[in-house]
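To keep things clear, I will list the structure first and then write my remarks on it.
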Amino acid sequence: MDKTLPSLTEAVSGIPDGASVMIGGFGGSGSPIELIHALIDRFHATGHPTGLTVINNNAGNGHVGLAALIEAGMVAKLICSFPRSADPVVFTELYLAGKIELELVPQGTLAERIRAGGAGIPAFYTPTSYGTDLAQGKPVEVFEGRPYVQERWLKADFALIKAQVGDRFGNLTYRAAARNFSPLMATAAKVTIAQVSVIGEIDPEAVITPGIFVQAVVQVENPKQEETLNRQKAAYPC
Amino acid sequence: MDKTLPSLTEAVSGIPDGASVMIGGFGGSGSPIELIHALIDRFHATGHPTGLTVINNNAGNGHVGLAALIEAGMVAKLICSFPRSADPVVFTELYLAGKIELELVPQGTLAERIRAGGAGIPAFYTPTSYGTDLAQGKPVEVFEGRPYVQERWLKADFALIKAQVGDRFGNLTYRAAARNFSPLMATAAKVTIAQVSVIGEIDPEAVITPGIFVQAVVQVENPKQEETLNRQKAAYPC
Amino acid sequence: MLKLSNAQIAWRAAQDIADGAYVNLGIGFPEMVAKFQPPGREAIFHTENGILNFGESPEPGEEDWDLINAGKKAVTLKPGASFFHHADSFAMVRGGHLDVAILGAYQVSESGDLANWSTGPKGVPAVGGAMDLVHGAKRVAVITEHVTKDGKPKLLDRCTLPLTGVACVTRVYTSHAVIDIAGRFILREKLAGVSLEELQNMTGAKLHLDGPVLDLNVPEV
Amino acid sequence: MLKLSNAQIAWRAAQDIADGAYVNLGIGFPEMVAKFQPPGREAIFHTENGILNFGESPEPGEEDWDLINAGKKAVTLKPGASFFHHADSFAMVRGGHLDVAILGAYQVSESGDLANWSTGPKGVPAVGGAMDLVHGAKRVAVITEHVTKDGKPKLLDRCTLPLTGVACVTRVYTSHAVIDIAGRFILREKLAGVSLEELQNMTGAKLHLDGPVLDLNVPEV
């Protein structure tokens, strides 16, 4: 078994128009810049993929990574908890012009919906959002005297995530708080593609994402960090 | 902050009659023998606690640990997935005599109910047990054309678990497959008491159970292993 | 009467497991399937209690009793192994991440219902992970004797014992035949020495034909 | 008119955090509370993006941008820190494991409703983790100016802005007072230089008394 792939180009080659794509990271921490840029490269070369539904906590920052993907016009819909950003204004402009769809989800509900998607749980109840606009249209049930909102699982065709060490079985570790949504997304996507700094052996006790959840591993030895790029005012391509 | 306690006796001293107690371990792997025996010691000394509801995957093996707790007559109800065992026959006898209550739960549902208890999810839907006797009386709902059974969270007053390394903040690591239910139970109990082989520092990346889920840590330097005890035909006290 | 041994049934089931497949084998008889992986193929075995890519039992005396499978047998680790807790383990099961689960059976119905956890109200009921496995793995197969010890059919129009799962089994490997289930029993392979009529007489629902019935050829193992 | 600075409001809120408490501080203004832990007390701070027991910002130039808090600011680690993924992080929140969450507010109602995520249908809505925090932590407190920039009450009989949560806030620390919420506003402390009448005039619902009203004494910080 060898899930490693030789290139980013090959790693993202199978993502079609209209696909749903979970992208790891919280702000810049854990954002798989190289995978996203490879996807934008492919769009510039072939015109595809477009019309993507992207699941991420945010709407990107600056002009790299997810923000660049949105700027390129490849994203039809965003599912996230916090799309507000001072820079870029591209999401804001597209959103206010009605050119990009937004599904706003509380952060913990977003995490739990993704976990549920990966764990075969089609629906669950949470106190979160009860009595708010974000609960509108959702079933409410009372358990032990307290009202809860029914939320549904969230799955995707692909997940693009950034990890620290990966092995040929697809096992992964992460670095510090760059872990965030990535282990969940790996479970909830049909095809999970991980960029890793290091390909090497992992102690079975140290594995965070077991390989069963990962279909492809591609090495990016010194990955770019979104926050650092933005402080350098970098823009795609970079 | 220092969650370490000096003795097993002190660790189990607050468990009252009628308490619900999650006990970690799958068979003998991860079974906190010393904590359980300290609880039986207390019962022999004081007559308490009795009438416990115990949550574990099994009903114990041999005449040590959970099996000894049941033999001592301290358990009123067992919530588990697989209570069948060739030895001891004590659970079987008590059960058939109607002297111990059994709530049988599929193993994955048991794990998920405990996780839900720790995660503030009062109910969730699973395909597991649909159309079987174990789904009787539970709500069924169809999602995306497939029927699912509604299951409820499971919480407890106490969790007794066995870990490998613990620190004064309550952070824990486990050893091999001894991990099993313990990280879940730690989240779902009001008071989680962990016996650990080693008290020492843990790399933040290596923490399996963050200290927020643990209220007490007590060192048991060379813990007994249930399977080994049973092969030696040991019996409580030992 | 001519029939396959348990090892031979396990061997036959093992031939259908692809290289790199993630597999859960039920406790007891199904565990035997792991021994018969065809040369050049390597499946990755999952156990409910939190290990991926475990291997065979260690030598006697070498057991680490924290390193066991769901049947509580001591196992070893293969390269690429990982540990995880029970909720993650059953996320793998329920979430559809396993390619195949191979289980034993008391009874299987032509609609794919499985009964393998309870022989009725007597004794202590125990279910373990079977009810999760049958609704989780992409493919659920059963290995079993074709009939009970007293000669009664185990393949039925409707299960009479308490169900483990509804419409979940898609293939049954028996001591006499390989049968697919798609709302009905479809005979795919049978022992050459057993006639279709004999097989039908051992089976509690109609055996349908859909394409050729191959000889069930299994080596001595 | 006399009022507390933001730092002073944060100082006051910090005095109610017990030694060893697990605490989540909202993005922005509430983050300031961490600076004012009383001597001898050490709270453990949680951030939604997966760290327990993080510490202050590193020196400029020393930032590790994989080590940030929910406000995307670089942080450091304290002894006993741990990393975990987002589902585990919100299990801590939703599961009631945090002792206190301190959040900012646009409006708070006398029934404990909080509005702090949306100022209406204009612009891009963004909610983050606030809706989870208000229904998770054992105690949800708010720190806020007593009135808006144009002098309108923020403490109301009913919130007019979109709600973050219903009946969730139990204490409000304002620029002028400390108020408990138990189906009504109960005044606990107020600046000595502000009369009850003045305070009531700045407040959009009745201030109730239940025991003595202490002077709100806060040092220059």
Side-chain angles (χ1 to χ4, degrees), chain B residues 26-30 57-59 61 80-85 91-92 95-96 102 104-112 114-116 118-119 126-135 146-148 162 164 174-185 187 208-209 225-228 230-231, chain C residues 27 47-52 54 63-75 77 81-96 111 113-115 117-118 120-136 159 161-168:
Chain B
F26 180 88
S29 167
N57 189 63
N58 303 99
N61 281 288
C80 77
S81 91
F82 206 88
R84 208 179 286 153
S85 162
F91 174 80
T92 305
Y95 174 74
L96 296 178
L102 172 66
L104 192 72
V105 184
Q107 195 173 138
T109 297
L110 181 64
E112 191 66 14
I114 297 169
R115 183 197 172 268
T126 173
T128 301
S129 92
Y130 172 73
T132 77
D133 294 351
L134 298 189
R146 198 176 159 191
Y148 294 87
K162 179 183 189 175
Q164 179 63 14
Y174 301 87
R175 185 169 178 278
R179 190 182 299 189
N180 55 71
F181 283 92
S182 299
L184 312 173
M185 291 178 170
T187 71
I208 301 299
T209 291
Q225 219 290 347
E226 186 185 285
E227 184 71 26
T228 308
N230 284 336
R231 283 166 186 257
Chain C
I27 294 175
T47 180
E48 292 94 311
N49 56 310
I51 318 175
L52 262 181
F54 67 96
E63 297 94 346
D64 176 346
W65 294 109
D66 286 344
L67 194 58
I68 58 173
N69 67 10
K72 277 92 173 182
K73 291 198 186 72
V75 296
L77 295 182
S82 56
F83 298 118
F84 35 85
H85 61 50
H86 249 85
D88 283 350
S89 182
F90 279 89
M92 293 175 192
V93 172
R94 204 190 304 101
S111 56
D113 296 355
L114 173 65
W117 74 282
S118 170
K122 281 184 196 164
V124 176
V127 64
M131 284 191 185
D132 304 279
L133 283 164
V134 296
H135 287 300
C159 294
L161 291 171
L163 293 185
T164 307
V166 173
C168 51

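Throughout, protein chains are lettered first and strands after them, A, B, ... in sequence-line order, and every chain is numbered starting at 1. Given the structure is predicted, the values throughout are model-derived calculations rather than measurements.
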Minimum heavy-atom distance B:Gln107-C:Gly129, with the two atoms named: NE2-N, 3.6 Å
Looking at NZ of C:Lys72 and CG of B:Asn230, how far apart are the two atoms once the value is rounded to the nearest 0.5 Å? 12.5 Å
For the OG1 atom of B:Thr132 and the CG atom of C:Asp113, what is their distance to the nearest 0.5 Å? 11.0 Å
Which residue out of B:Thr109, B:Leu134, B:Asn58 racks up the most heavy-atom pairs below 4.5 Å with chain C? B:Leu134
Rounded distance (nearest 0.5 Å) linking atom CD of C:Glu63 with atom CD of B:Gln225: 11.0 Å
Residue part contacting chain C, namely of B:Tyr95, when any heavy atom lies under 4.5 Å: side chain
Please determine whether the number of non-hydrogen atoms from other residues, nucleotides or ligands lying under 6.0 Å from atom OH of B:Tyr130 exceeds 12. no
Which portion of B:Ser182 sits near chain C, non-hydrogen atoms under 4.5 angstrom: neither
Can you tell me which of B:Glu226, B:Arg115, B:Arg146 forms the most heavy-atom pairs within a distance under 4.5 Å of chain C? B:Arg146
Who among C:Ala74, C:Gly165, C:Ala91, C:Gly123 has the most heavy-atom pairs with chain B under 4.5 Å? C:Gly123
Please flag which part of B:Leu110 lies under 4.5 Å from any non-hydrogen atom of chain C: side chain, backbone, both or neither. neither
Which one of B:Asn180, B:Leu102, B:Asn61 has the most heavy-atom pairs closer than 4.5 Å to chain C? B:Asn180
Looking at every heavy atom in both B:Ala176 and C:Leu67, which two are closest together, and how far apart are they? CB-CD1, 4.2 Å
Greatest number of heavy atom pairs closer than 4.5 Å to chain C - which of B:Pro147, B:Ala111, B:Pro127, B:Gly131: B:Pro127
Under 4.5 Å from any heavy atom of chain B, what part of C:Phe83 do you find: side chain, backbone, both or neither? both
Region of B:Tyr174 in contact with chain C, defined by heavy-atom distances below 4.5 Å: neither
Tell me, side chain or backbone of B:Asn57 under 4.5 Å from chain C's heavy atoms, or both, or neither? side chain
Are C:Arg94 and B:Glu112 side-chain neighbours, meaning at least one heavy-atom pair lies under 4.5 Å? yes
Scanning both residues in full, the closest heavy-atom pair of B:Thr128 with C:His135 reads CA-CD2, 4.2 Å
With only heavy atoms counted, which part of B:Pro183 is less than 4.5 Å from chain C, the side chain, the backbone, both or neither? side chain
In terms of ring plane angle, is the pair B:Phe181 and C:His86 parallel, tilted or perpendicular, where the classes change at 30° and 60°? parallel
Under 4.5 Å from any heavy atom of chain B, what part of C:Val93 do you find: side chain, backbone, both or neither? neither
Need one label for C:Ala70: side chain, backbone, both or neither, based on atoms under 4.5 Å from any heavy atom in chain B. both
For C:Pro125 and B:Leu104, the nearest pair of non-hydrogen atoms, with its separation, is O-CD1, 3.5 Å
Counting distance only, does the side-chain N/O of C:Asp132 pair as donor-acceptor with the main-chain N or O of B:Gly108 below 3.5 Å? yes
Quick check: closest heavy atoms across B:Ser29 and C:Ile68, and the distance to 0.1 Å? CB-CD1, 3.6 Å
Considering only heavy atoms, which portion of B:Arg84 lies under 4.5 Å from any heavy atom of chain C: side chain, backbone, both, or neither? both
Measuring heavy-atom distances to chain B, does C:Asp88 have an atom under 4.5 Å in its side chain, in its backbone, in both, or in neither? neither
Please round to the nearest 0.5 Å and tell me the distance separating atom OG1 of B:Thr126 and atom CE of C:Met131. 11.0 Å
Taking all non-hydrogen atoms of both residues into account, name the closest pair between B:Gly30 and C:Asp66 and its distance. N-OD1, 4.0 Å
Please look at C:Thr47 and chain B and tell me whether the side chain, the backbone, both or neither of the residue comes under 4.5 angstrom of a heavy atom of that chain. neither
